[in-house]
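Let me begin by presenting the structure, written as structure tokens, before commenting on it.
These numbers come from a predicted model, not from an experiment.
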Amino acid sequence: MKLHEYQAKALLRQAGLPVPRGEVVFTAEEVPAALVKMGTNSGVAKAQAYTGGRGKAGGIKLYKSADEALTYSKQLIGMTLVTKQTGPDGVKIEAVLLEEASVIKRELYVAVTLDRARANIVLILSPEGGMDIEEVADKTPERIKKLYPAWGRNIDASMAAEGAKFLGLEGEQAKSFADILEKLYRLYQAKDCSLLEINPLVVNDKGGLSLLDCKFDIDDNAAYRQKDTGGDENAGKDPSEVEAAKYGLSYIKLDGDIGCMVNGAGLAMATMDTIAHFGATPANFLDVGGSASEEAVTKAFEIITSDKNVKAILVNIFGGIMPCDRIARGVVGAVKSTGLKVPLVVRLEGTNVKEGKEVIETSGLALTSATDLEDGARKVAELVKGMK
Amino acid sequence: MAILIGKDTKLITQGITGKAGLFHSQKCRDYGTNVVGGVTPKKGGTTVDGFPVFNSVAEAAKATGANATMIFVPAAYAGDAILEAADAGIALIVAITEGIPVMDMLKVHNYLKTKNVTLIGPNCPGVVTAGVCKIGIAPGPIHTKGRIGIVSRSGTLTYEAVHQTTVAGLGQTTAVGIGGDPIHGLSHVDVVKMLNADPETEGIILIGEIGGSDEEIAAAYIKENVKKPVVGFIAGASAPKGKRMGHAGAIIDGTGGTAEAKIAALKAAGVTMAATAGEIGRKMAEAMKARR
């Protein structure tokens with residue numbers, strides 16, 4: 001679940017962290033009142049989108065008057081922003097954050113995230129703020145420091161001091177940095193974050209620290225208890241993925257032409273890999289889950305076939321909890337109700353496999369049976385190659 | 001002998017009155033597991049299909065002598081259910097539940113450090129010692145008592161490996177699904193160590209997937225310590241970066257976790273890699289033959 005910058009900054013402010021004054025507007029009409037509230041007619045208009053690289057794409061504008069603030073807000077609201085991260089379709093801008101401009105002396109980087117291997121929250125620091133941190137990690141790893149606070153305690157004073165020193169902060173700045181670090185660490189836990197990234201954390205002309213931009217991602221598993229953050233569980237997802245989720249299906253659209261329907265995430269990935277191994281490309285990842293109903297299987301079929309690129313479909317089921325005959329009835333039902341315009345290869349194994357195969361064979365439908373995963377992937381790959 | 005579970009296992013089910021909890025308790029009992037009861041708060045004193053129900057794990061443990069539990073409690077309460085089992089002194093905790101918040105699991109992880117218990121999962125299929133005992137949701141009939149130990153993050157890929165080793169005539173000692181979540185109990189390396197030490201296990205299958213670095217850690221251990229033949233498979237070579245592939249932990253992020261890196265690490269450790277999930281059993285059979 002992702003948060004917009006203005007939502008994230010509201011949470012940072014609530015936590016007592018220093019963020020620039022700002023007001024969000026959803027229409028140009030709200031601009032004059034927002035400027036009055038802020039008490040200044042110069043600042044930065046920032047398009048609100050769940051993506052990085054907004055500046056380069058024209059989503060961030062400096063304004064020096066109320067007129068300019070209005071003009072830019074009008075321009076940004078409703079525009080489609082295409083950045084390096086959004087892909088060619090871009091994202092539609094529905095809100096603009098008007099924010100007081102900061103005079104930047106230095107840009108630093110601070111992030112809180114999870115270190116899986118250590119099963120520990122990690123604080124990541126770098127003096128190279130404002131940059132792509134993955135690039136920094138790649139090219140100049142010595143410019144990155146990782147700190148691991150002990151679970152259930154505040155950040156040690158010595159650890160905070162070590163971080164401040166690494167970033168070149170002293171005296172009052174080091175003190176205020178320690179305070180920021182502690183508050184970020186607590187907020188990360190309180191809001192079930194998966195990533196809380198401040199990039200950049202700036203030193204302004206008055207010597208103060210300020211959190212200029214942030215990424216605030218929340219653990220999807222905890223979305224149910226973090227609804228009041230205003231986060232969007234569907235941010236960055238294809239509409240078909242959102243629709244699939246309603247039926248308990250885990251679906252991810254890809255670029256290839258072979259639709260896949262599989263049970264289990266690992267087997268679904270392995271099925272994609274096997275299709276790729278035989279020189280074809282998967283159109284999607286789809287895990288129907290361990291206890292899908294016939295209705296969900298039908299829905300899965302509709303979603304797969306609604307992808308115009310799909311030229312053939314591979315169903316690969318290892319029946320565990322879900323018996324093969326239930327899947328088979330779902331498949332046959334779906335084909336009969338939606339009609340099938342592309343060839344279909346079915347591989348069933350596991351619980352009630354005999355009954356499942358019988359359902360397929362007596363259905364009267366032109367389905368191709370496969371004996372195992374490799375056989376299924378090879379057959380479906382050959383079918384698609386034959387069409388080209 | 002096998003590992004983790006056997007004929008001395010006494011299992012309870014947390015969430016036994018739920019649909020999935022009851023169904024799988026029955027399936028485990030059918031397989032031969034000694035299922036001694038279950039826990040559902042406020043339903044203590046009743047029975048469900050012959051299983052006595054208790055209000056708490058402590059009560060159940062006291063009355064039945066249970067030494068293992070499987071958890072089907074909904075995600076929002078599952079973290080607490082694990083803690084409750086640990087407090088009651090249950091030695092083996094198998095958490096089937098999917099979707100537990102990471103922050104809850106961090107709390108669990110840190111708490112369990114202070115307790116002498118073993119956690120498998122969450123978001124896992126459980127563990128089966130072929131022909132003897134089953135905890136979790138794996139289909140029992142595909143297992144055959146034999147010589148191969150299996151460890152995997154994915155449920156259905158565990159079943160594939162079990163099925164294929166059965167077809168290849170090798171059979172299994174114990175198959176362990178460690179689960180697809182980023183913070184979990186036993187990891188690949190923990191299970192590899194157990195299988196390596198188990199005299200009945202002659203070969204090991206390690207199945208991983210994109211995300212994290214569990215497989216690399218296991219590879220480093222295998223390289224130095226394991227003489228038994230090991231066959232590996234990593235799912236997700238064709239997965240795009242930055243997308244969570246079903247499992248919460250199956251994501252390639254900025255810090256790595258690619259299939260390529262994992263495959264390279266395992267190969268360097270002398271592990272025979274299956275190019276597709278379909279040839280795991282075949283590769284294992286070949287590796288067993290090639291032994292001197």
Residue part contacting chain A, namely of B:I234, when any heavy atom lies under 4.5 Å: backbone
Proximal component of A:Y251, with respect to chain B [non-hydrogen, under 4.5 Å]: neither
Closest-packed option against chain A by number of heavy-atom pairs under 4.5 Å, given B:G236, B:S213, B:P125, B:A75: B:G236
Non-hydrogen atoms of B:P101 and A:A222 that approach each other most closely: CB-CB, 3.9 Å
More than 12 heavy atoms of other groups within 6.0 Å of A:K253 NZ: yes
B:Y221, OH: over 12 other non-hydrogen atoms inside 6.0 angstrom: yes
From OG1 (B:T97) to CG (A:N221), nearest 0.5 Å: 11.5 Å
Top contributor to chain A interface from B:G208, B:G140, B:A275, B:G211 [non-hydrogen pairs under 4.5 Å]: B:G211
Which atoms of B:P141 approach chain A - backbone, side chain, both or neither, heavy atom under 4.5 Å: neither
Whether over 12 other heavy atoms sit under 6.0 Å from B:K107 NZ: no
Contacting moiety of B:E279, where chain A heavy atoms sit under 4.5 Å: both
B:N110 side chain vs A:W151 backbone, donor-acceptor pair below 3.5 Å: no
Toward chain B, the part of A:I275 with a non-hydrogen atom under 4.5 Å: neither
Structural part of B:A237 lying under 4.5 Å from a heavy atom of chain A: both
Separation between OG of A:S250 and CZ of B:R244, rounded to the nearest 0.5 Å: 7.5 Å
Backbone of A:N263 reached by a side-chain donor or acceptor of B:T156 within 3.5 Å: yes
CZ on A:R116 to CG on B:D214, rounded to 0.5 Å: 8.0 Å
B:E286, CD: over 12 other non-hydrogen atoms inside 6.0 angstrom: yes
Sub-4.5 Å side-chain heavy-atom contact between A:L114 and B:I183: yes
A:L254 versus chain B, the contacting section by heavy-atom distance below 4.5 Å: side chain
Under 4.5 Å from any heavy atom of chain B - which part of A:N120: backbone
Atom group of B:K27 that falls short of 4.5 Å from chain A, counting heavy atoms: neither
Gap separating the CE atom of B:M245 from the CE atom of A:M272, nearest 0.5 angstrom: 4.0 Å
Minimum side-chain heavy-atom gap A:S194-B:V102 below 4.5 Å: no
Proximal component of B:E160, with respect to chain A [non-hydrogen, under 4.5 Å]: both
Contacting moiety of A:R378, where chain B heavy atoms sit under 4.5 Å: neither
Within-4.5 Å side-chain heavy-atom neighbours: A:D219 and B:M103: no
Region of B:A76 that comes under 4.5 Å of a non-hydrogen atom in chain A: both
Pairwise distance CG(B:L106) to CD(A:Q189) - rounded to 0.5 angstrom: 8.0 Å
B:K113 atom NZ: more than 12 heavy-atom contacts under 6.0 Å: yes
Euclidean distance, B:T276 OG1 relative to A:H277 NE2, rounded to 0.5 Å: 5.5 Å
B:K243 side chain reached by A:E241 side chain, heavy atoms, under 4.5 Å: yes
Contact winner vs chain B - A:A117, A:G350, A:P282, A:A119, heavy-atom pairs under 4.5 Å: A:A119
Closest-packed option against chain A by number of heavy-atom pairs under 4.5 Å, given B:H184, B:R282, B:E98: B:R282
Residue among B:H109, B:M105, B:H163 with most heavy-atom pairs under 4.5 Å to chain A: B:H163
B:I100, part contacting chain A, at a heavy-atom distance under 4.5 Å: backbone
Contact class of A:A268 relative to chain B, heavy atoms under 4.5 angstrom: neither
Residue pair B:Y159, A:L267: steps toward the side-chain contact (heavy atoms from CB on, under 4.5 Å) verdict: CA-CA 10 Å; B:Y159 311 160; A:L267 189 58; over 6 Å; no
Residue pair A:D273 / B:S238, side-chain donor-acceptor N/O under 3.5 Å: yes
